[in-house]
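The model shown is predicted, which means the values in this text are computed figures rather than measured ones. In the text below, chain A, chain B and the rest are named by the order of the sequence lines, each starting its count at 1.
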There are 2 protein chains.
Amino acid sequence: MRTAVQTKEVRDAILDATDMLLARYGYKKMTIDDIANEVGIGKGSVYLHFSSKEEIALSHVDRIIERLCDKLSAIAEQNISTEKRIEKMIVTRVTFRFESVQHYTQSLNDLLSSLRENLLSRRKKYHDAEAKIIASVIKSGQKSGDFRSGNALQLANSFLLATNSLLPFNLSTKELGKREDIEKSARNLTRLLLRGIKK
Amino acid sequence: MRTAVQTKEVRDAILDATDMLLARYGYKKMTIDDIANEVGIGKGSVYLHFSSKEEIALSHVDRIIERLCDKLSAIAEQNISTEKRIEKMIVTRVTFRFESVQHYTQSLNDLLSSLRENLLSRRKKYHDAEAKIIASVIKSGQKSGDFRSGNALQLANSFLLATNSLLPFNLSTKELGKREDIEKSARNLTRLLLRGIKK
DNA sequence: TATTGACCGAAAGCCATTTTTAGTCAAGTC
DNA sequence: GACTTGACTAAAAATGGCTTTCGGTCAATA
């Protein structure tokens with residue numbers, strides 16, 4: 001019998017292969033056979049884990065965001081000032097997402113145009129998930145008196161919105177610029193925003 | 001002899017026609033003959049004013065930004081608090097650009113993908129031009145003691161960067177959401193940022 | 001001197017044919 | 001019998017050869 005662990009491993013292997021193949025070929029050129037070969041399973045088996053090619057690519061993106069949210073949650077727990085935590089979280093959000101798709105160079109556009117609609121609706125979910133984590137830290141900062149009062153979730157949304165244009169959503173990483181510059185802009189902006197919520 | 005005024009008028013008429021035709025057909029489907037017919041001049045005459053189809057479209061976008069900058073400059077001169085001026089400017093930037101391309105619905109993507117590279121380099125110029133105007137108000141706010149000191153141009157850049165994701169650059173106006181929501185987000189975010197630079 | 005539209009070559013559209021590929025499922029494996 | 005597979009199919013994408021369209025030019029014209 002197939003155990004849950006095995007299922008998860010194969011699923012992850014499929015997404016790993018997807019990541020590699022997306023970088024090499026882009027979405028349109030990547031075939032299910034490519035994935036199956038790369039993982040070393042039959043094509044039919046891929047469909048035991050995912051219902052369509054599109055779902056595979058979307059799950060791949062989902063996984064990136066899940067990993068990001070794990071990182072954010074970890075930072076939220078760290079034993080540093082609320083202010084530093086927020087800064088670290090926003091900068092991490094920007095740089096991690098940058099790094100996650102950095103190796104796609106030309107093929108990012110292909111992915112985005114192919115999945116446009118579906119990605120747009122997921123974007124909102126991603127945003128909400130990230131906002132919740134940020135909001136929890138803002139709340140704790142408000143409790144401790146570091147931050148002025150106000151709707152924490154709304155403030156978190158503002159932090160995310162403000163740094164959204166630094167994310168490689170429609171612009172490829174190449175078009176966005178150097179990683180260091182992106183990071184600098186993110187840090188800079190976050191500090192300005194933090195000043196806006198400090199007591 | 002053709003006067004400078006006549007030249008300017010024809011040039012503007014060409015860009016007016018371009019605006020209309022871009023909305024109706026999109027960039028790829030719009031032809032130079034369409035433009036010439038719409039303006040009521042010969043096709044060759046179009047090329048007395050512009051060197052290529054691409055340049056026409058780019059000039060059309062340039063004109064939008066010029067008009068925006070005029071609006072921003074006008075607000076910069078208004079007799080209201082520096083804070084209110086900044087808020088008005090940022091909100092105007094977002095809503096004016098929204099309205100300028102609102103009628104393109106589906107055809108915005110077409111324009112963006114056709115002119116991608118050229119638009120990307122202009123984007124920087126637009127950003128700089130807008131930043132200069134904002135920075136002048138920040139500076140005057142710093143002088144009057146409303147705002148804390150700091151590199152005004154850099155602060156202006158942060159204000160723009162923060163609201164960039166509200167601009168219809170790669171997302172169509174439809175994808176961005178309702179105009180009122182965009183405006184609300186812009187205002188909200190600007191106020192937060194303003195708190196960050198107030199003394 | 002200013003304007004034009006006939007003209008040119010390149011690019012885009014078109015369509016019929018071939019190839020590839022997403023997704024299925026009967027057969028096979030352990 | 002639970003799980004995996006790759007041959008199979010319908011649909012989509014690529015190909016190629018032909019036709020039309022269109023961006024850009026420039027000699028003719030007003």
Side-chain angles (χ1 to χ4, degrees), chain A residues 1-15 17-18 20-22 24-61 107 109-119, chain B residues 1-15 17-18 20-22 24-61 107 109-119:
Chain A
M1 204 189 85
R2 200 176 56 187
T3 69
V5 170
Q6 280 167 336
T7 298
K8 179 83 165 63
E9 268 167 13
V10 175
R11 204 190 125 94
D12 261 352
I14 291 172
L15 295 182
T18 301
M20 197 269 273
L21 292 164
L22 280 179
R24 187 184 298 168
Y25 301 129
Y27 179 74
K28 278 178 209 145
K29 291 272 181 195
M30 173 185 78
T31 71
I32 305 292
D33 276 311
D34 287 338
I35 296 175
N37 285 335
E38 183 63 32
V39 177
I41 59 177
K43 183 182 181 177
S45 303
V46 173
Y47 284 92
L48 298 174
H49 299 272
F50 300 96
S51 68
S52 70
K53 182 180 174 181
E54 215 173 292
E55 205 213 308
I56 297 173
L58 289 170
S59 298
H60 165 56
V61 181
S107 54
N109 276 329
D110 170 42
L111 182 71
L112 294 173
S113 64
S114 300
L115 306 180
R116 190 169 186 90
E117 275 177 63
N118 281 300
L119 272 180
Chain B
M1 204 189 87
R2 199 175 59 189
T3 69
V5 170
Q6 281 167 338
T7 298
K8 179 82 165 62
E9 267 166 14
V10 176
R11 204 191 126 94
D12 260 352
I14 291 172
L15 296 182
T18 301
M20 197 268 270
L21 292 164
L22 280 178
R24 187 185 298 168
Y25 301 129
Y27 180 74
K28 277 176 208 147
K29 290 271 181 197
M30 174 185 77
T31 71
I32 304 293
D33 276 311
D34 287 339
I35 297 175
N37 284 335
E38 184 62 32
V39 178
I41 58 177
K43 181 182 182 177
S45 303
V46 173
Y47 285 92
L48 298 174
H49 299 272
F50 300 95
S51 67
S52 70
K53 182 181 176 182
E54 216 173 292
E55 206 213 307
I56 297 174
L58 289 169
S59 299
H60 165 55
V61 180
S107 55
N109 277 329
D110 171 40
L111 182 71
L112 294 173
S113 64
S114 299
L115 306 180
R116 189 170 186 90
E117 276 177 61
N118 282 300
L119 271 180

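A:Ile35 has its CD1 atom 16 Å from the C1' atom of D:dG6, to the nearest Å. In this structure, the CG atom of A:Leu48 is 15 Å from the P atom of D:dA2, given to the nearest Å. If you take CD1 of A:Ile14 and P of C:dG23, they are 13 Å apart, rounded to a whole angstrom.
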### Message
At under 4.0 Å between heavy atoms, how does the protein contact nucleotides 20-27 of chain D? Give one character per nucleotide, 5' to 3', with B, S or -.
### Response
--SBBB--
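The salt bridge (Lys or Arg N to Asp or Glu O under 4.0 Å) search around B:Arg116 returns A:Glu175, not counting sequence neighbours.
Between A:Ala57 and A:Leu111, the shortest heavy-atom distance links the atoms CB-CD1, 4.1 Å. A:Val46 and A:Ala36 make their closest contact through CG2-CB, 4.0 Å (heavy atoms, listed as atom of the first residue, atom of the second, distance).
The closest donor-acceptor contact from the side chain of A:Lys53 to the backbone of A:Met30 lies under 3.5 Å. A side-chain donor-acceptor contact under 3.5 Å links A:Asp34 to the backbone of A:Thr31.
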